[in-house]
Amino acid sequence: MIRHRLITDVFVPELIKLVEEYGIFRREARNVPLSSETTLWPKLDTGPTVYAPGVGGTITPSDITTSNVSLIPTKLAAIIPIANELSEDAAIAIGSLISEEMARQFALTEDQVGFL
């Protein structure tokens with residue numbers, strides 16, 4: 001069995017688009033560009049307390065507390081070997097099928113890691 005590289009550099013943006021379409025976490029998360037292998041990012045631990053003081057009532061001040069979390073990028077990867085004959089007979093169909101399934105699995109993994 002010969003292994004083909006189905007994901008070319010030109011195809012990567014399409015795969016990322018599919019991952020964004022299938023996944024929830026990536027779509028809702030804040031995208032933080034990282035300039036090093038590990039970055040500290042502020043995290044809100046407790047927010048302000050909200051009151052309904054009524055007319056002429058006093059508003060009590062409240063504090064917020066923060067801490068830092070470490071952002072560490074992790075690479076996800078998958079390899080799907082296909083038979084040489086299959087790639088010759090159905091390259092477009094198998095490429096489409098594999099790319100969509102890889103995007104779904106990448107999105108599922110991102111969701112599991114992000115939410116858990």
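For the numbers below, each heavy atom of this structure counts, side chains included, while hydrogens, waters and symmetry mates do not.
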**Asked** Which atom pair, heavy atoms only, marks the closest approach of F106 to A77?
**Response** CE2-N, 3.7 Å
**Request:** Could you pull out the closest heavy-atom pair between T58 and P53, with the gap in Å?
**Result:** O-CB, 3.6 Å
**Request:** Measure the spacing between OH of Y51 and OG1 of T60 and express it to the nearest 0.5 Å.
**Result:** 4.5 Å
**Asked** Quick one: are I94 and I82 in side-chain contact, heavy atoms under 4.5 Å?
**Response** yes
**Message:** Please say yes or no: joined through hydrophobic side-chain contacts below 4.5 Å, possibly via intermediate residues, are V32 and V69 part of one cluster?
**Reply:** yes
**Prompt:** If every non-hydrogen atom of S67 is compared with every non-hydrogen atom of D45, which pair is closest and at what distance?
**Reply:** OG-OD2, 2.9 Å
**Message:** Using the rule given for side-chain contact (heavy atoms from CB on, under 4.5 Å), can you reason through E37 versus I72, listing the C-alpha separation, both sets of side-chain angles and the distance that settles it, and then say yes or no?
**Reply:** CA-CA 6 Å; E37 289 187 24; I72 304 168; over 6 Å; no
**Asked** Who passes salt bridge (Lys or Arg N to Asp or Glu O under 4.0 Å) against E101, sequence neighbours left out?
**Response** R104
**Request:** Check whether L108 and V113 end up in the same hydrophobic cluster, where Ile, Leu, Val, Met, Phe, Trp and Tyr are linked by side-chain heavy atoms less than 4.5 Å apart.
**Result:** no
**Request:** Using atom types as modelled and distance alone, determine if a side-chain donor or acceptor of S62 lies under 3.5 Å from a backbone N or O of P48.
**Result:** no
**Exceeds 12 heavy-atom contacts within 6.0 angstrom, atom CG of L44** = yes
**Request:** Assess whether atom CD of Q112 is packed by more than 12 heavy atoms of other residues, nucleotides or ligands within 6.0 Å.
**Result:** yes
**Donor-acceptor pair, side chain of T46 and main chain of T65, under 3.5 angstrom** = yes
**Message:** Pair F115, I24 - check side-chain contact (heavy atoms from CB on, under 4.5 Å), show working.
**Reply:** CA-CA 10 Å; F115 288 119; I24 297 169; 3.9 Å; yes
**Prompt:** Does S96 reach the main-chain N or O of A93 with its side chain, forming a donor-acceptor pair under 3.5 Å?
**Reply:** no
**Item:** Heavy-atom check, side chain of K43 versus side chain of T66, under 4.5 Å
**Value:** no
**Asked** Transitively linked via ILVMFWY side-chain contacts under 4.5 Å: L34 with F25?
**Response** no
**Request:** Mind jotting down which residue pairs meet the salt bridge (charged side-chain N to carboxylate O under 4.0 Å, His left out) criterion with at least one end in residues 54-72? Sequence neighbours excluded, please.
**Result:** none
**Message:** S70 vs T39, test: side-chain contact (heavy atoms from CB on, under 4.5 Å). Steps then yes/no.
**Reply:** CA-CA 6 Å; S70 294; T39 300; over 6 Å; no
**Request:** Would you give the length of the straight line joining atom CD of Q105 to atom CD1 of I80, rounded to the nearest 0.5 angstrom?
**Result:** 9.0 Å
**Fill in**
Here the salt bridge (charged side-chain N to carboxylate O under 4.0 Å, His left out) pairs for residues 107-116, sequence neighbours left out, are R26-E110
